[in-house]
*Asks:* 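Next up is a structure, given as structure tokens.
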Amino acid sequence: MATHLITGAGSGIGAAVARRLQERGDDVVLLARDAGRAKEFADRYPGARTLVGDLGNPDRLSWAFGQQSMPERIDTLLHIAGVVELGEVGELTPKAWHFQLNANLIAPAEITRLLLPQLRVSQGQVLFVNSGAGLAAHAGWSAYAASKHGLKALADSLRHEEHGNGVRVTTVYPGRTASPMQAKVHQQEGKEYDAARWIDPESVATTILMAIDLPRDAEVNDLTVRPAADVPGRRPPAPDRRLPA
């Protein structure tokens, strides 16, 4: 039975991954931002362990983890949580930049640093859920795209550094995925949100499980998942080159 530590299990892709790993009998450890959220996770995922740490305050993660019983073994560290706040460079304040860089980049880097000893012992895997914005930046997305471009750099460097220790590193780049985060993006864009136009979180979860279940003789470095235009009954998204995933 493998042990997986997951961020972002509250909704969307993270919730789908946590549920499917638990259903197949794996041990899941869910990172919650506070004690109240940890209780929600415990009720929602019976038998799962929880760990409290606020991604918005990465400077405190080391202290927070030091006050709790940490898992002795971790086979997979899944960075799925993320935040977004749109705005043009001329409008974004330092607070908006820190909000996204802390949660999307600095916190994953710090959590990875803190858990690398367990991952090296198990010769485990670190998986980052990135975004199409981690490959191309567009108007209105500078801070979010910067955090995701940085996440790509983090994953690529980590892969080279830990290869000799047997730690695999994978990045998944989903396109727009039906989730509360996507609904928030549409609200910020002033557009109507139609979940049927976008990727089902279960489809991204299938991709993630494929990557972590790959036999040890191989590793997946990068995976891009895009909304399909030919699903029966689905209206294909209107092309908009300005908008990343």
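Note: hydrogens, waters and symmetry copies are ignored here, and every other heavy atom, side chains too, is used.
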*Asks:* Distance-only, no hydrogens or angles: does the Thr112 side chain make a donor-acceptor pair with backbone N or O of Pro108 under 3.5 Å?
*Replies:* yes
*Asks:* Using the rule that two of Ile, Leu, Val, Met, Phe, Trp, Tyr join whenever any of their side-chain heavy atoms come within less than 4.5 Å, decide whether Leu31 and Leu151 are in one cluster.
*Replies:* yes
*Asks:* Are any side-chain N or O atoms of His149 and backbone N or O atoms of Ala133, one a donor and one an acceptor, separated by less than 3.5 Å?
*Replies:* yes
*Asks:* Under a 3.5 Å distance rule, please check whether Arg159 uses its side chain to pair with a backbone N or O of Val169 as donor and acceptor.
*Replies:* yes
*Asks:* Indicate the atoms forming the closest heavy-atom contact of Ala96 with Glu85, along with that distance.
*Replies:* CB-OE2, 3.7 Å
*Asks:* Return yes if some donor-acceptor pair links the side-chain N/O of Asn130 with the main-chain N/O of Lys148 below 3.5 Å, else return no.
*Replies:* yes
*Asks:* Would you say the side-chain atoms of Asp34 pair up with the backbone N or O of Gly36, donor to acceptor, closer than 3.5 Å?
*Replies:* yes
*Asks:* Do any pairs count as a side-chain hydrogen bond (donor to acceptor under 3.5 Å, both in side chains) and have a residue in residues 90-102, sequence neighbours left out, and if so which ones?
*Replies:* none
*Asks:* Between Thr206 and Arg20, is any side-chain donor less than 3.5 angstrom from a side-chain acceptor?
*Replies:* yes
*Asks:* Quick one: pull up CG in Leu61 and CD1 in Ile106 and give me the separation to the nearest 0.5 Å.
*Replies:* 10.5 Å
*Asks:* Kindly say whether Leu154 contributes a backbone atom to a donor-acceptor pair with the side chain of Ser157 at under 3.5 angstrom?
*Replies:* no
*Asks:* Scan for ring-ring contact (aromatic ring centres under 6.0 Å, His included) pairs involving residues 19-74, sequence neighbours excluded, and state none if there are none.
*Replies:* none
*Asks:* Give a yes or no answer on whether the side chain of Thr7 reaches the backbone of Ile80 with a donor-acceptor pair at less than 3.5 Å.
*Replies:* yes
